[in-house]
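Just so it is clear: chains get the letters A, B, ... in the order the sequence lines come, proteins before strands, and each one is counted from 1.
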2 protein chains.
Amino acid sequence: MSATENQQLKQVLREHELKATTQRIALLKLLDATHEHFDAEEIYLELLKKEKNVSRATVYRSLEALAEQDLVTRLDFGDGRMRFERSKGEDEHHDHLICEKCGKVIEFFNLEMEAQQLSVCEENDFTPSTHTMHIFGTCSDCRTSQ
Amino acid sequence: MSATENQQLKQVLREHELKATTQRIALLKLLDATHEHFDAEEIYLELLKKEKNVSRATVYRSLEALAEQDLVTRLDFGDGRMRFERSKGEDEHHDHLICEKCGKVIEFFNLEMEAQQLSVCEENDFTPSTHTMHIFGTCSDCRTSQ
DNA sequence: TCCCAAAATAAGAATGAATCTCATTTACAC
DNA sequence: GTGTAAATGAGATTCATTCTTATTTTGGGA
């Protein structure tokens with residue numbers, strides 16, 4: 001809960017032309033503090049614990065604004081609700097292996113695959129902005145214990 | 001509207017241990033007749049035109065049953081509703097380029113990318129079942145006309 | 001061909017994530 | 001400190017999807 005961290009986040013928000021509201025700062029702080037992929041409701045509940053005043057609408061609107069500025073990243077694991085993580089730098093981009101049994105998410109990065117994606121875009125005269133690569137299946141734990 | 005096609009689809013359904021109801025036959029026939037990626041509501045409206053009696057619930061339940069048997073494939077383009085297509089054979093699998101401006105969907109297949117996916121799974125001791133690879137961006141038409 | 005139990009369907013109610021509305025509050029440039 | 005544009009809270013609303021229940025259909029057997 002360092003004042004310094006608050007100042008840094010305020011700075012970050014302003015650099016992205018977003019007003020530094022307490023709710024947005026708290027949201028970024030929460031996502032910075034975890035590696036988990038929270039959904040909006042989880043974020044809402046976590047923020048409620050810390051700041052007394054937050055509404056779901058603000059959580060959704062903040063996440064939208066932050067995602068637009070690429071300060072957070074939306075993750076769609078295909079289960080009907082969006083998850084969010086603090087955006088990683090270009091060099092920290094990763095895709096996901098998703099276990100259909102236990103829900104575990106394994107992050108991975110494969111340079112060759114990224115290269116192939118660019119090549120496909122070129123072939124189709126397509127300018128990429130983002131991509132999602134999700135492999136669904138069974139993780140080793142679930143395969144073993146079953 | 002050949003009786004032969006109906007018979008074939010009945011056969012297909014029974015081979016997959018699904019009762020051959022008129023609604024399911026009509027649904028498969030519809031998806032067989034098009035290359036488009038319909039969502040559930042579009043399928044419902046199309047079926048309403050042809051068969052007088054269909055309900056949304058049946059469309060959703062049929063799609064679920066058919067997807068379970070891999071007779072249809074769910075497509076999640078990240079816009080909040082699922083789309084569906086008739087399942088292609090293993091050899092006809094493809095991924096998608098999705099234009100964020102006009103919504104156009106370009107299908108592609110890249111063998112090297114598929115190989116890399118398997119390699120990533122091996123590295124992580126993960127048994128894959130399905131995957132989705134979606135690249136979002138701008139198609140050539142939209143880039144030009146803008 | 002007729003019968004019957006199990007399964008599927010129709011219609012609309014219910015759910016749940018996400019968005020919108022509008023009155024109130026807050027951020028921040030001056 | 002002030003004013004104004006932007007952000008927020010609370011709850012209503014939307015929209016895709018799922019559930020409920022009474023009714024109908026399917027398909028195996030008499």
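For A:Lys19, counting side-chain heavy atoms from C-beta on, the closest listed nucleotide (C:dA17, C:dA27, D:dT17) is C:dA27. Listed nucleotides: C:dA11, D:dA6, D:dG9. Nearest to the side chain of A:Val54: D:dG9. Listed nucleotides C:dA8, C:dA11, C:dA18 differ in distance to B:Thr21; the shortest reach to its side chain belongs to C:dA8. Distances from the side chain of A:Thr58 to the nucleotides C:dA11, D:dG9, C:dT19 place D:dG9 closest. Across D:dA16, C:dA17, D:dG27, the shortest atom-to-atom separation from the side chain of A:Arg81 is found for C:dA17. The side chain of B:Thr22 lies closest to D:dT26 when the candidates are C:dT9, C:dA27, D:dT26.
Here the C1' atom of nucleotide C:dA17 and the CG atom of A:Leu63 are 13 Å apart, to the nearest Å. The CZ atom of A:Arg24 sits 13 Å away from the C1' atom of C:dC28 (whole-angstrom rounding). Atom-to-atom, CD of A:Glu64 to C1' of C:dA17 comes out at 14 Å; the value is rounded to the nearest Å. In this structure, the CD1 atom of A:Ile25 is 9 Å from the P atom of C:dA27, given to the nearest Å. For the pair B:Gln7 CD and D:dG27 C1', the interatomic distance rounds to 14 Å; values are reported in whole Å. Residue B:Leu47 contributes atom CG, which lies 14 Å from atom P of C:dA11 at whole-angstrom precision. In this structure, the CD atom of B:Gln11 is 12 Å from the P atom of D:dG27, given to the nearest Å. Rounded to whole Å, atom C1' of D:dT26 lies 11 Å from atom CD of B:Gln23.
Checking the phosphate oxygens (OP1, OP2) of C:dT19, no side-chain nitrogen or oxygen of A:Tyr60 falls inside 4.0 Å.
Residues that satisfy the side chain to side chain contact (heavy atoms under 4.5 Å, CB included) test with B:Thr58, not counting sequence neighbours, are B:Gln23, B:Ser55, B:Arg61, B:Ser62.
Residue order along DNA chain D, read from the 5' end via each residue's closest nucleotide, puts B:Glu41 first among B:Ala20 and B:Glu41.
Residue A:Asn53 is classed as a sugar-phosphate contact, given heavy-atom separations below 4.0 Å to backbone atoms only. Residue B:Arg61 is classed as a base contact, given a heavy-atom separation below 4.0 Å to a base.
The shortest side-chain heavy-atom distance between A:Phe109 and A:Lys88 does not fall under the 4.5 Å cut-off. By the 4.5 Å heavy-atom criterion applied to side chains, A:Ile43 and A:Leu31 are counted as neighbours.
Within a 6.0 Å radius of CD in B:Glu15, other residues, nucleotides and ligands contribute more than 12 heavy atoms.
Between A:Asp125 and B:Arg143, at least one side-chain N (NZ, or NE/NH1/NH2) sits under 4.0 Å from a carboxylate O, which counts as a salt bridge.
Checked by distance alone, A:Arg56 brings no side-chain donor or acceptor within 3.5 Å of a matching partner on the base of D:dG11.
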